[in-house]
Amino acid sequence: MLETPRIKTVDISAQHMIFKAELDKVETAWDRYDAMQPQCGFGETGLCCRICWKGPCRIDPLGNGPKKGICGANADTIVARNLLRSLCVGASAHTEHARHIAHTLYALSQNAAPAYAIKDENKLLDVAKRLKINTEGRAIIEIVHEVASISLEDFGRLHGEFRWLNAVINPLRKAKLEALGIMPQNLDSVVVNGLSRTHVGSESDPLNLLLAGARLAAADVSTMAMGTELSDILFGTPQPTMTTANLSVLKKDAINIALHGHNPLLCEIVCDVAATMNDEAKRLGASEGINIVGVCCTGNELMMRHGIPLAANYLSQELTIITGAVEAMVVDTQCIMPAVVETASNYHTVVISTLDDNKIAGATHVSFHPETATEGARKIVQLALDAYSRRDPKKVDIPSNTQKAIGGFSYEAIIAALRMVDKENPIKPLIDNIVNGNIQGVVLFGGCNNTRVVHDYNYTTMTKELAKKNILVLATGCAAGALAKFGLMTQQATEEYAGDGLKAVLTAVGQAAGLGGPLPLVLNMGSCVDNTRAVRLANDIANTLGVDLDSLPICVSAPELMSEKAQIIGTWAAVLGLPVHIGIVPQVIGSPFVTSFLTQGMEDVLGGKFIVEVDPIEAANKLYAEIQKRRQKLGI
Amino acid sequence: MSDVIDNVFIYTDPERCMGCHSCELACATSHSSYDFHSAVLAGVVLIPRNKVIAIKNQTTTSQCVQCEAPCLDACTSDCITREAVGVIKIDEEDCIGCKLCFKACPYDSITMVEMPQEEPTDGKKKRKKFKAFKCDLCFDRMDTDGTLHSACVEACPTDAIMITRDSSYRTKSLSLRGY
C-alpha cells in the first residue's frame, strides 16, 4: 500500500524547499521530528521530575505504578513545579532582551553608543510621561537618561513604585492582583523567587506554585512592554508599510543576508552598514547589491519598522539556507535551531553568532556590543561578501511566488488611523463598532510553529474562519510571519475573507487613513515581544468603558506554540483576564489539578483561562463562543 | 499445542527497553475512546493491558503471551475468543467480572479492574463490579488483511517491542518474568 506523505506545511515556498532538501539530502526539522517518534509519554504529561539526582522520578498517570516521587512529591506538585520552571525561563528570555535594550539606551545617554540615536522623540516623551518622569523644560538627553535609569532600576527594584508595571497594567487589574497577593515587586526577583520555590524540598502546594506563575506573568508583561517601547524610542515606532514575504524574497543576483533572532539592537545596525556596502557587493558581481531579509521575530522587527521582507518564520528557518542563495545567516538570540549550522555546511552559507552569551556551536562568532556596533556590523557584512565567491549557482533554487504584505500596525499606528475617523476620541470608532456588532470581538494571534502541527495551517485556517465571523484579527511573532506569508495581511484578503461588518469597518478606517482601500485583514503588531502593543489597545478600550479586560470580547490564540516564552505570554494574557486558546496539548495533563485550574478554575479567580483545542475550526468556534459569552454579559 | 504455535504475541527486548512507560500510555489510550487530555478532564481512568517491569538491572514489559488459553476454557460467559489471526481476546463489554479467567491464567497476565459505579438509589449497598483486561495486540486496530497495529509497538521510542510468532520468544519472555 502506498503511504500518503504527511503534509508538512501550507507555505508553498516552504513546500518547494522541503522538496529541494530531499533532493540535496539535507535534513530538516520534519525529518528529525519523524525520527523522534514516539515522544515520551511522561514528558508529554509533565510527570517526569528531574529536579534532584535521586530522580528521575515518574508518576504513573494510569494509576498502577508510583503515585509519588521518591521525595513524596505527587503528580500535582511535579507538574506545577515543571510548569513554573518553564515560565521562569520564558520570562528570563524577555528580561534579558529588555535589559539589553535598556542598557543601550543608558549607554546612549552617556554618549557611549555612537551607532544608536533617538529616532522617535515623541515616543520618548510618551514613555517618560507614563513612567511619571518630568519632561518640562528638560533636554532630550536628560530624559533619555532618566527613562533608561528608571527602567534599569525596575529590574531589581526593592522599594517604591514598579514603574513599568504601573504603566502597563490597568488599575482594576492591579487591584485584583493586589487582592490575590500576587503583585510582583520587580522584574528579576520574581524569576529567582519562582526558581527557588521549585528546589527539592521547597514548595509543594500546587495552587501556590501556579499563583507564583501568575505573579511572574504580571512582571513579564511589564518587561516585554519595556523591550518594545524602548526599541521604538531607539529605532522608531512602526507605521504601516508595504512589503513582501516568504522564501521568494531572496534574490538570485544579490548577496543575501538573513537576519534571524529577536533583538533589534543587532539587525538595525547591520541594515545601516549594509546600505553603505552595496557598491562593494556590486563590484563582486551581485548586480542587485545586498539583499537583507528577516527570519523569525527579527523578520518582524525589520518588517514593522522598515518594510524589509520576511523570508521565514520559526519552522522555515532552515529552508532559507536550503535555497542555496543565502551568504550569511546572522543570529542573536532565541529560537535559533542549533541545526542551522549543519544545514549551512551543505551550502556556502556562513552562520554568524553575535552575542557573547548566546554562542551557537559551530558558527562563526563576531562579538557584537552596542559600544562598537558599527565595527561589528561591518565585519558581519564582510563575511557575507566573502561567502558570495563560494556560492554554487547549481545549488541555487529560489521559489518564485512572493506574497505582498502590509506591516507596521503599532498601537500608535492603529490609533493614528482611527484618529482619521474621530479626531477627538480615536478609540471611540473601535468601541462603537464592537458595540453595534460590526466587529464581534478581537482575537490576537501569537506564538510559534510546532512540528506537531502542519506548519502555519492553524493560523491560516483560524484567521479565515474568525474573519468570516466579523472578528478583528491581530497578530505578532511567528503567527504574524505565517499570516504575512499566506497573503492575509493584504487589502485583497479583507475583500475576500472578512465578514460584511468587519469589511465595512476596515474599509472605512483604511479609506480615512488614506490607504485607498481597506486595512489589511490581519494587522501585524510586531514581533513576539511586541504583544504588549495589543495590551495597550485593549486597556484603552477597557479604561474608556470603565471595565477590566476580563469583560471585553477579546481573546488570544497561540495555535502552534512551543517555546517557553510563548508559555509565559499565554499565561500573562490569561492573568490579565483573557481567554487563551492553545492548539498544542500542554505538558501539564498528568495533573488533573493543574489541568482543571488552568482550563477552568483560573477563570473564577482571574477571569482568564486556557482553552486547549487542537482542531483549528473547533478552536475558532470556541473562541467565538467565548466572545459571545462576554458580549452577552456586557449586554451588547 | 499446535494452536499456540500459531498464536502471535508481544515480546519486549530488555536490552532495548528504557522503562519509559510510553507503551503503557499508548496501550491505555488505544483501548479507549478518549485521548489522554480529554480523559483527564472527564475524570475517566485509562487502563493499560501491559505493564513495565524491572528485572534485576533490566526493564521489559509484562503482558499476555497468548498461550494455550486456559482462560478461554474457564470463561463461563463465552466472552473470551480465539481469533483467526492467533490472538486470544476478551470481549470487555460482555465480561461479567467473575474472575475465573484471572484464576486460570498461569502467568498473571489478566488484570481485574473495578469499574466505577453510581451509588444505588434504593439504599442498598454498592456492589463492586469488575472486568477482566488483557493484551489483545490491539485486535480492534487490525487491518482487513490481518496486519496488526499494536499501539505499544508503535509507541516504543527504542523499537524494543515487537510482534512475533516465534515461540522461543515466548519462553524467553516467561523466563524473564520468573515462569
Side-chain angles (χ1 to χ4, degrees), chain A residues 1 3 32-50 55-67 75-76 79 452 581-602 609-615 618-619 622, chain B residues 16-32 34-54 59 61-63 108-109 111-116 133-134 143-147 149-161:
Chain A
M1 197 170 73
E3 245 182 75
R32 294 189 294 274
Y33 171 81
D34 287 341
M36 192 54 67
Q37 298 313 303
Q39 288 168 271
C40 176
F42 290 85
E44 283 181 339
T45 50
L47 285 170
C48 177
C49 182
R50 293 179 52 247
C57 291
R58 270 179 318 225
I59 305 303
D60 181 354
L62 307 170
N64 297 329
K67 293 184 177 60
D76 297 331
V79 167
R452 291 173 184 269
H581 160 249
I582 50 177
I584 304 293
V585 177
Q587 292 176 6
V588 304
I589 59 171
S591 160
F593 174 82
V594 174
T595 307
S596 70
F597 181 80
L598 295 178
T599 56
Q600 291 157 2
M602 186 174 183
K609 64 173 174 185
F610 285 94
I611 299 165
V612 181
E613 176 54 65
V614 295
D615 180 273
E618 269 306 299
K622 285 182 181 174
Chain B
R16 301 180 71 93
C17 174
M18 298 284 291
C20 75
H21 298 248
S22 297
C23 55
E24 286 182 7
L25 284 172
C27 176
T29 43
S30 85
H31 284 88
S32 166
Y34 288 86
D35 62 37
F36 200 89
H37 175 238
S38 47
V40 167
L41 285 180
V44 170
V45 179
L46 297 171
I47 302 152
R49 278 76 174 157
N50 57 354
K51 188 171 169 49
V52 175
I53 54 169
T59 49
T61 65
S62 162
Q63 65 279 305
D108 294 322
S109 292
T111 315
M112 299 305 303
V113 179
E114 189 184 341
M115 295 288 106
F133 293 94
K134 76 168 199 71
D143 287 343
T144 45
D145 67 358
T147 309
H149 296 284
S150 305
C152 58
V153 177
E154 290 176 3
C156 180
T158 57
D159 289 334
I161 309 176

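By convention in this document, chain letters (A, B, ...) are assigned in the order of the sequence lines, proteins followed by strands, and residues within each chain are numbered from 1. These numbers come from the heavy atoms of this one structure, side chains and all, not from hydrogens, waters or symmetry mates.
Considering only residues two or more places apart in sequence or on other chains, K622(A) meets the side chain to side chain contact (heavy atoms under 4.5 Å, CB included) condition with I611(A), E613(A), E618(A). Listed by chain and number, the residues in a side chain to side chain contact (heavy atoms under 4.5 Å, CB included) with T111(B) are V113(B) (sequence neighbours excluded).
For chain B, no part of E44(A) is nearby; none of its heavy atoms comes within less than 4.5 Å. Contacts of V588(A) with chain B are absent, with no heavy-atom separation under 4.5 Å from either backbone or side chain. For C23(B), no part lies under 4.5 angstrom from a heavy atom of chain A. For L41(B), the part lying under 4.5 angstrom from a heavy atom of chain A is the side chain only.
Across all non-hydrogen atoms, the minimal contact from A151(B) to C27(B) is CB-N, 4.3 Å.
Within 6.0 Å of CE on M115(B) lie more than 12 heavy atoms contributed by other residues, nucleotides or ligands. More than 12 heavy atoms of other residues, nucleotides or ligands sit less than 6.0 Å from atom CZ of R32(A).
Ranked by heavy-atom pairs shorter than 4.5 Å toward chain A, the options A28(B), A39(B), G43(B), G19(B) are led by G19(B). Options C48(A), S596(A), P61(A) differ in how many heavy-atom pairs under 4.5 Å they form with chain B, and the most are formed by P61(A).
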